[in-house]
Amino acid sequence: MLNKILLGSDFVKLVAIIGSNNQVSYNRLLIEFIAKHYPKFHLEKLEVRELPLFNEDIAGVTPAVIEEWSKKISKSDGVIIACPEYNHSVTASLKSAIEWMSYQVHPLKQKPVMILGASTYPQGSSRAQLHLRQILNSPGVDADVFQGQEFLLGQAKTAFNAAAEISDPKTVSFLAGCLQDFAIFVKKAKKNDKGGK
C-alpha cells in the first residue's frame, strides 16, 4: 500500500489539479488512485473544466472560482498536476488555468509542485510534462517544481483494470517512490519556509 511508505505520522495537505476537461480521464483516474491508496496525502481535487478560458477582457475583476482556487492552493503544502498530452503539449484548459494563476493572483509562487501524467501512448505524457515544467518556471508563475523522478503512465487504456486500479505492481511501486520523494520535498520546503519567517 502506498500509505505505508510515508515516514512519520504527519499528513501532507495537497491540491491536485486535473489537467483534462474530459468527463472520462485517465489523469483523473490516476489522481483518484493516489487519493485512495495514499491517505497520508490530504488530497483535494481541482478540475480545470470548472474555470473559464483565460481572457484579459474579463480579468479586470478576478472570477470567484479563480479566487477560490487561489486560496486553496495558497493554503496547501504543495500541488500535484496530472498532465495529459495533446498534440505533444499540455491541454489548452490546463494552460489557461495556469494563466489565471499567474495574472492577478500568484498562489503557485514558490509552491512545491509535482508533475505526473497518463497517456494512451507508450511514452506517457513526457513531452507535455517537459513543456509544463517550462511554463511553471516562467515569470509570474515561479513554482518550485519537483525535479525528482518523472512518473509517466503510458498505455493508460490497459494500465488500469476494471476496478480503476493500476494493475502492474512495479508501476505502483515506482509511483510510491515518486510520491515519497515529493512528500520529503514538500516537508523540507515547509520547514524552510517556517525558518525564514
Report the distance from atom [atom1] of [X] to atom [atom2] of [Y], rounding to the nearest 0.5 Å.
{"X": "L152", "Y": "E85", "atom1": "CG", "atom2": "CD", "result": "9.5 Å"}
{"X": "Q147", "Y": "F185", "atom1": "CD", "atom2": "CZ", "result": "7.5 Å"}
{"X": "I81", "Y": "L132", "atom1": "CD1", "atom2": "CG", "result": "5.0 Å"}
{"X": "L108", "Y": "I135", "atom1": "CG", "atom2": "CD1", "result": "12.0 Å"}
{"X": "S89", "Y": "Q129", "atom1": "OG", "atom2": "CD", "result": "11.5 Å"}
{"X": "D144", "Y": "K111", "atom1": "CG", "atom2": "NZ", "result": "10.5 Å"}

Applying side chain to side chain contact (heavy atoms under 4.5 Å, CB included) to N137 and V145, what does each step give before you reach the verdict? CA-CA 8 Å; N137 286 324; V145 183; 3.8 Å; yes

Check: F54 ring centre within less than 6.0 Å of Y103 ring centre: yes

Hey, is the main chain of [Y] close enough, under 3.5 Å, to the side chain of [X] for a donor-acceptor pair?
{"X": "Q155", "Y": "L153", "result": "no"}
{"X": "S70", "Y": "I66", "result": "no"}
{"X": "E150", "Y": "I115", "result": "no"}
{"X": "N27", "Y": "I18", "result": "no"}
{"X": "N161", "Y": "A164", "result": "yes"}
{"X": "H42", "Y": "L14", "result": "no"}
{"X": "K109", "Y": "G140", "result": "no"}
{"X": "T91", "Y": "G19", "result": "yes"}
{"X": "W69", "Y": "P107", "result": "no"}

Assess the residue pair R28 and E32 against the criterion (salt bridge (charged side-chain N to carboxylate O under 4.0 Å, His left out)); give the C-alpha distance rounded to whole Å, side-chain angles, the decisive distance to 0.1 Å, and a yes or no. CA-CA 6 Å; R28 187 177 297 108; E32 289 171 351; 5.1 Å; no

Do [X] and [Y] come within less than 4.5 Å of each other through their side chains, counting heavy atoms only?
{"X": "I166", "Y": "L175", "result": "yes"}
{"X": "V105", "Y": "W100", "result": "no"}
{"X": "I80", "Y": "V113", "result": "no"}
{"X": "M101", "Y": "H106", "result": "no"}
{"X": "F151", "Y": "T171", "result": "yes"}
{"X": "P84", "Y": "S20", "result": "yes"}
{"X": "C178", "Y": "M114", "result": "yes"}
{"X": "V186", "Y": "F182", "result": "yes"}

With a 3.5 Å cut-off and no angle check, do the side chains of H37 and E165 form a donor-acceptor pair? yes

Going by distance alone, is a donor N or O of one side chain under 3.5 Å from an acceptor N or O of the other, for Q104 and T62? yes

Looking at E67 and K71, is there a salt bridge between them, counting it only when a charged N and a carboxylate O are closer than 4.0 Å? no

Test: side chain to side chain donor-acceptor pair (under 3.5 Å). Region: residues 72-83. Which pairs qualify, not counting sequence neighbours? E44-K72, E68-K72, D77-K190

For the hydrophobic clusters of this structure (ILVMFWY residues joined by side-chain heavy atoms under 4.5 Å, transitively), does one cluster hold both [X] and [Y]?
{"X": "V90", "Y": "V141", "result": "yes"}
{"X": "L29", "Y": "V172", "result": "yes"}
{"X": "L53", "Y": "L46", "result": "no"}

Closest contact, heavy atoms only, [X] versus [Y]:
{"X": "L30", "Y": "F160", "result": "N-CZ, 3.8 Å"}
{"X": "S125", "Y": "C83", "result": "OG-O, 3.0 Å"}
{"X": "L51", "Y": "A97", "result": "CD1-CB, 3.6 Å"}
{"X": "I34", "Y": "L43", "result": "CG2-CD2, 4.1 Å"}

Kindly determine whether V12 and K40 satisfy side chain to side chain contact (heavy atoms under 4.5 Å, CB included), including the steps that lead there. CA-CA 6 Å; V12 181; K40 293 264 184 177; over 6 Å; no

